[in-house]
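Keep in mind that the numbers below use all heavy atoms, side chains included, and drop hydrogens, waters and symmetry copies. Both counts, for ligands and for their atoms, begin at 1 and track the order of listing.
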Amino acid sequence: MPKIRLATVWLSGCSGCHMSFLDLDERLIELASKADLVYSPIVDIKEYPAEVDVVLVEGAVGNTEQRRLLEEIRAKTRIVVAFGDCAVTGNVPSLRNPLLREEVLRAVYGEGEVPGLEEGAVPKLLPQALPIHAVIPVDRFLPGCPPSADRIWKFLQGLLAGKRPELTGADLRFG
Ligand code: SF4
């Protein structure tokens with residue numbers, strides 16, 4: 001059976017979901033026998049490639065660069081997974097949503113020039129941090145802050161076996 005082309009992406013998140021992915025530990029070796037990691041913050045590949053089978057997307061969508069990347073990901077990927085609560089609901093990054101964008105940026109950068117208010121070297125901050133399903137259609141949701149390594153493994157095993165993982169409250173089942 002050919003290996004699947006797997007990607008992981010880090011948008012507005014704390015990287016905790018990726019740390020949990022690395023907590024797969026020795027299961028990463030089994031994963032590597034079944035999947036090629038074709039794009040990820042943990043590999044040195046600059047451009048999102050074509051024909052990706054599965055992508056795990058960590059983080060909310062917080063700026064225009066992330067929105068553009070997410071649209072590219074959707075166009076090039078068969079199964080898009082919202083990976084962790086920030087991607088699923090907005091979670092921590094969306095705590096800024098009741099505030100005006102300028103208020104948030106001034107609190108960070110002070111009264112001088114404020115990057116992120118307009119398009120420039122720093123991408124423009126979106127008015128709100130969005131869950132990824134608010135920007136593109138999402139195929140699967142893998143919640144948790146972060147999802148545990150056991151849950152990630154169960155989810156990936158189901159996907160790799162060609163099954164359709166579904167959430168059932170506390171855990172996953174496969175249809
Ligand atoms: S879901 Fe939790 S662990 Fe994952 S990026 Fe968001 S805050 Fe971090």
Using a 3.5 Å distance criterion without hydrogens, assess whether the side chain of [X] forms a donor-acceptor pair with backbone atoms of [Y].
X	Y	result
Lys76	Tyr48	yes
Arg106	Gly112	yes
Asp36	Arg5	no

**OP:** Could you tell me whether Lys3 and Asp53 make a salt bridge, using a distance below 4.0 angstrom between a side-chain N and a carboxylate O?
**Re:** no
**OP:** Would you indicate whether Glu65, at its atom CD, is surrounded by more than 12 heavy atoms from other residues, nucleotides or ligands within a distance under 6.0 Å?
**Re:**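 Check fails, neighbour count at 12 or below.
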**OP:** Can you sort out the partners of Glu118 under salt bridge (charged side-chain N to carboxylate O under 4.0 Å, His left out), two or more places apart, ordered by chain and number?
**Re:** Lys124
Original post:
Which of the atoms of ligand 1 are close to Glu58, meaning less than 4.0 Å from one of its heavy atoms?
Top reply: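 Matching atoms, with element in brackets: 5 (S).
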Subject >> atom 2 (Fe) of ligand 1 - number of protein N/O/S atoms closer than 2.8 Å >> reply: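 There are 1 of them.
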